[in-house]
2 protein chains.
Amino acid sequence: MTTTGARPPTPTLEQVAALAGVSRATVSRVINDSPRVSPAARDAVHAAVEALRYVPNRMARSLVTRRTDTIALVLSESNTQIFADPFFARIVRGLSARLADTELNLVLLAARGGREQEKVARYVQQGHVDGVILISLHRDDLLPDLLARSPVPLVLSGRPFDGRAVPYVDADNVGGAEAATTHLLQLGRSRIGTVAGPLDMVAGLDRLTGYRAALAAAGAPARPELVAEGDFTEAGGSRAMARLLSEVPDLDAVFVASDPMAVGALRVLRAAGRRVPDDVAVVGFDDAEVAASCDPPLTTVAQPLEEMTGALVDLLLEQIGSGGSAVEARLCGTALVRRASA
Amino acid sequence: MTTTGARPPTPTLEQVAALAGVSRATVSRVINDSPRVSPAARDAVHAAVEALRYVPNRMARSLVTRRTDTIALVLSESNTQIFADPFFARIVRGLSARLADTELNLVLLAARGGREQEKVARYVQQGHVDGVILISLHRDDLLPDLLARSPVPLVLSGRPFDGRAVPYVDADNVGGAEAATTHLLQLGRSRIGTVAGPLDMVAGLDRLTGYRAALAAAGAPARPELVAEGDFTEAGGSRAMARLLSEVPDLDAVFVASDPMAVGALRVLRAAGRRVPDDVAVVGFDDAEVAASCDPPLTTVAQPLEEMTGALVDLLLEQIGSGGSAVEARLCGTALVRRASA
DNA sequence: GCCGGGTGTGAGAGCGTTCTCACCGCGTCG
DNA sequence: CGACGCGGTGAGAACGCTCTCACACCCGGC
C-alpha cells in the first residue's frame with residue numbers, strides 16, 4: 001500500500017500572534033513563561049497555540065539563544081560491546097533520571113572507529129549540543145582531542161589517560177581494587193590472581209594497580225602469571241579465568257575487575273570443579289544486578305553510580321552555565337559489598 | 001585545580017568572506033561545494049576557513065534549509081535491558097555503517113516511561129531530526145502515536161501492533177518460527193515446547209504464532225503448558241526453561257524465541273542433566289554471535305539484519321526525500337542455520 | 001561591432017526565533 | 001497637579017546561514 005500526502009506547513013510565532021491578537025514578542029514571552037504578561041494575553045496565546053498545534057522551532061530559537069538544551073553522551077568504542085555492559089545501562093539510566101525534570105535532552109552518539117569519531121566531533125562542533133559527556137575511553141582515543149579543540153563543554157567519565165586538564169568524574173578504582181584484594185588476603189588466601197580489565201582503559205589499569213598495591217602492602221611478591229587481561233565481558237572473563245587456572249592450578253582467590261567478567265569466571269571455576277568460595281574466593285567489581293543473583297552471590301566492589309552520574313551532570317552544567325572551563329575532577333568512593341563468593 | 005577562560009567567539013561566514021575577499025554567498029557556495037565557483041575564489045575561501053577554523057553553524061543552516069541531516073533511533077523500553085541484547089547492538093552497528101559515508105548523523109534517544117517518551121516526542125517535533133526509526137515497540141507504547149502526530153518521517157522496526165498505516169521493516173518472524181518448529185518435528189520430536197518472547201511485543205507474538213502454526217500443520221494438539229513466556233534476556237530464558245521443564249518433564253525439544261534466552265535455556269537444561277540435542281533439541285532465534293560459540297553451538301533462525309537496517313534507512317530516506325508519506329512495509333525472509341543443538 | 005549565452009559574483013531578502021528598547025497607560029507620591 | 005515608576009506591550013534589530021536574483025564579464029557567431 002502506498003499513500004502520498006504533502007507535509008503540512010508548521011505554524012510560526014507570527015501566526016500564533018495574529019490569531020491571539022498580540023505581537024510576536026508577547027507570544028514569545030508566554031512561551032518562555034516570562035512573568036510580565038497579563039493573564040488575558042496569556043490565555044489568548046495559550047488558546048492560539050492549542051488551536052494551531054504550535055510547536056516552537058528549535059533551530060530558530062537556538063540560533064539566537066546559542067543553546068540547544070541538549071547534551072550528548074558519547075561512547076567511544078570500536079565495537080558495540082559496551083552496550084551489553086550493565087554498567088553502561090546504569091549510566092544511561094542515571095543520566096536520564098537526573099535530567100528527567102530539567103529542560104535538557106540526552107542523546108547518545110556511538111563512535112566506533114576513526115571515521116565515526118570524526119563525524120561525532122563534527123556533529124558536536126557544529127553546535128548541536130550544549131555539552132558532552134565522554135564515556136568508555138581507550139588509550140588511543142582521538143575524541144578527547146577532537147572535542148577539547150572545540151569550545152563545547154566536556155566532561156569525561158573516567159580519568160583521562162594523559163592527565164590533561166579536563167573535568168572528569170571517576171570511581172576510586174585503585175582504592176576499590178585494593179580493598180577487594182585486601183579482603184581476600186584477610187581471608188587467609190595467598191595465591192590471589194586477578195582477571196584485569198582491558199589495560200588500554202583507565203578503569204582496567206587502575207583496578208590492576210589497586211590489586212598490586214594490596215599485594216605489595218602485604219609483602220607478597222608480584223607474580224605476572226597471576227594476572228590475566230579480560231575485556232570487561234562475560235566471555236572475556238571466562239577466557240581469562242581459564243588461562244589463570246591453567247597457569248596457576250593452586251589459585252585460591254581471584255579479584256575480577258568487573259561483575260560480568262566475574263560471572264564468566266564463576267562459570268569456569270564451577271566447570272573446573274572448584275568450589276566458590278571454599279577452593280577459590282572471588283571478588284568482583286561494579287555491584288551489578290547480576291552480582292546479587294548469580295551463584296554464589298558475588299562479593300563485589302560497589303561504585304556509587306547515582307552519585308557519579310549526578311556529578312557528571314553537575315560538572316557539565318556548571319561549565320555550561322559559567323560559559324568558561326572550570327577544570328574540576330571528582331573522585332567517588334567505593335565500598336566492598338560482602339556476599340557469599342568471598 | 002580550577003582555571004577559567006571565556007568561550008572564544010566562533011567565526012561566521014561573514015568573517016570568512018571578509019578574510020577571503022569575497023562575498024558571503026561565495027563562501028556559502030564553496031562550503032556546499034557548488035560547481036559555479038572559480039578555482040581562485042575556492043582556494044581563497046578554503047584558506048580563510050582554515051585560518052579561522054571556521055565551522056558552519058548548523059542551527060542557522062537548518063533554519064533555512066529545514067534539514068538537520070540527523071536521524072534518530074528511538075528506543076522505547078521501560079528498562080534499559082534492551083541495550084544488553086546483541087540484536088540491538090547489531091541494529092546500531094548496521095545503521096551507523098549504512099550512514100557512515102553519508103552526511104547523516106545518527107543519534108540514539110532512550111525513552112523509558114511516559115515522561116521520557118513525551119520528552120523524546122517533543123525533541124523530535126521541535127525539528128531536531130529529519131526522521132525517526134522506532135525500535136523495541138511494546139503494545140501500549142505511546143510513541144508511535146506521539147510521533148505520527150508530527151510531520152517528521154517515521155519508520156518502525158517491527159510491524160505495528162494495530163495494523164496502522166506506518167512504514168515498517170520486519171523479519172518474517174512467523175515464517176522463521178514455523179521453520180524452526182517444523183525442523184524439530186522433522187527430527188521426530190513430539191513434545192516440543194517454546195520459550196516465547198514477551199507477548200506485548202510483535203516479535204514475541206509472531207514467533208509464538210509461527211510455533212503454533214507448525215504444530216497445528218502437523219496435527220499436534222495445542223498444549224498450553226508447553227508455552228513459557230520469557231523477556232528476551234538470558235535470565236528470563238533460564239526461568240522460562242526451568243518452568244517448562246518442571247511442568248513437562250518429558251519435553252524433547254524446545255523452540256526459544258531469542259538466542260540470549262536460548263543460552264539461558266541451555267544452561268538450565270545442562271544443570272538438569274538433559275543432553276542437548278539428544279534428550280532435548282533446541283532451536284533459537286536471531287543467529288546472534290553467541291549462537292556459534294555456545295555449547296553446543298545453537299541451531300537458530302537467522303534474520304538478515306544488514307538487509308533490515310538497510311531497508312530501514314532506505315524507507316526513511318525515501319520519505320524524507322519525497323517530503324510525503326509513502327507507507328511501505330518490507331518483510332525480510334529468515335533462514336534456519338543448522339548447528340549442533342538440533 | 002553587436003548581440004546572445006554562458007559563468008562567476010554579490011546584494012539582499014528571508015528562515016523563526018529572542019531580546020533590547022521605547023512607549024503607553026495608570027496609580028502614587030511629592 | 002505634574003513628575004515618577006512600573007507593569008504590559010509592540011516595533012524592529014539581531015542570530016548565521018541559504019538562495020534567488022540581477023549584474024558584470026567574456027566568449028564566439030553573425
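Only this structure's heavy atoms are used, side chains among them; waters, hydrogens and symmetry mates stay out. By convention in this document, chain letters (A, B, ...) are assigned in the order of the sequence lines, proteins followed by strands, and residues within each chain are numbered from 1.
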Could you tell me the separation between the CD atom of B:E14 and the P atom of D:dC17, rounded to a whole number of Å? 9 Å

Contact list please: residues 19-34 of chain B against DNA chain D, heavy atoms, distance less than 4.0 Å, in numerical order. B:R24, B:A25, B:S28, B:N32

State which residues pass salt bridge (Lys or Arg N to Asp or Glu O under 4.0 Å) with A:D69; sequence neighbours excluded, sorted by chain then number. A:R58, A:R67

Once rounded to the nearest 0.5 Å, what's the spacing between atom CG of B:D200 and atom CG of B:D140? 6.5 Å

Min and max contacting nt of DNA chain C in 5' to 3' order, chain B heavy atoms within under 4.0 angstrom, are C:dT7 to C:dG16

Residues at least two apart in sequence or cross-chain that pass salt bridge (Lys or Arg N to Asp or Glu O under 4.0 Å) with B:R98, listed by chain then number, are B:D314

End-to-end axis angle, where each axis spans five pairs of the helix from C:dG1-D:dC30 to C:dG30-D:dC1, to 10°: 60°

For A:L13 and D:dA11, what is the distance between atoms CG and C1' respectively, to the nearest whole Å? 15 Å

Not counting sequence neighbours, which residues clear salt bridge (Lys or Arg N to Asp or Glu O under 4.0 Å) with A:R29? List them please. none

Can you give me every donor-acceptor pair (side chain of residues 37-56 of chain B, partner residue at least two apart or in another chain, under 3.5 Å) with its distance?
residue, atom, partner, partner atom, Å
B:S38, OG, B:A41, N, 3.3
B:R42, NH2, B:S34, O, 3.3
B:H46, ND1, B:R42, O, 3.4

Using side chain to side chain contact (heavy atoms under 4.5 Å, CB included) as the criterion, list what pairs up with B:V64, not counting sequence neighbours. none

Interface with DNA chain D, restricted to residues 53-63 of chain B and to heavy atoms under 4.0 Å: B:Y54, B:P56, B:N57, B:A60, B:R61, B:L63

If the condition is salt bridge (Lys or Arg N to Asp or Glu O under 4.0 Å), which residues does B:D162 pass it with, not counting sequence neighbours? B:R164

Do A:P304 and A:E306 have side chains that get closer than 4.5 Å, going by heavy atoms? no

My understanding is that only residues two or more places apart in sequence, or in another chain, count here; which of them pass ring-ring contact (aromatic ring centres under 6.0 Å, His included) with A:Y123? A:H128

Rounded distance (Å) that lies between atom P of D:dG5 and atom CZ of A:R36: 16 Å

Rounded to the nearest 0.5 Å, what separates atom CG in A:N57 from atom CD in B:Q126? 9.0 Å

side-chain hydrogen bond (donor to acceptor under 3.5 Å, both in side chains) partners of B:E14, counting only residues at least two apart: B:R24

Test side-chain contact (heavy atoms from CB on, under 4.5 Å), reference B:L147, set B:L142, B:L156, B:V124, output is B:V124

Please work out whether the ring planes of B:F88 and B:F83 are parallel, tilted or perpendicular, with thresholds of 30° and 60°. perpendicular

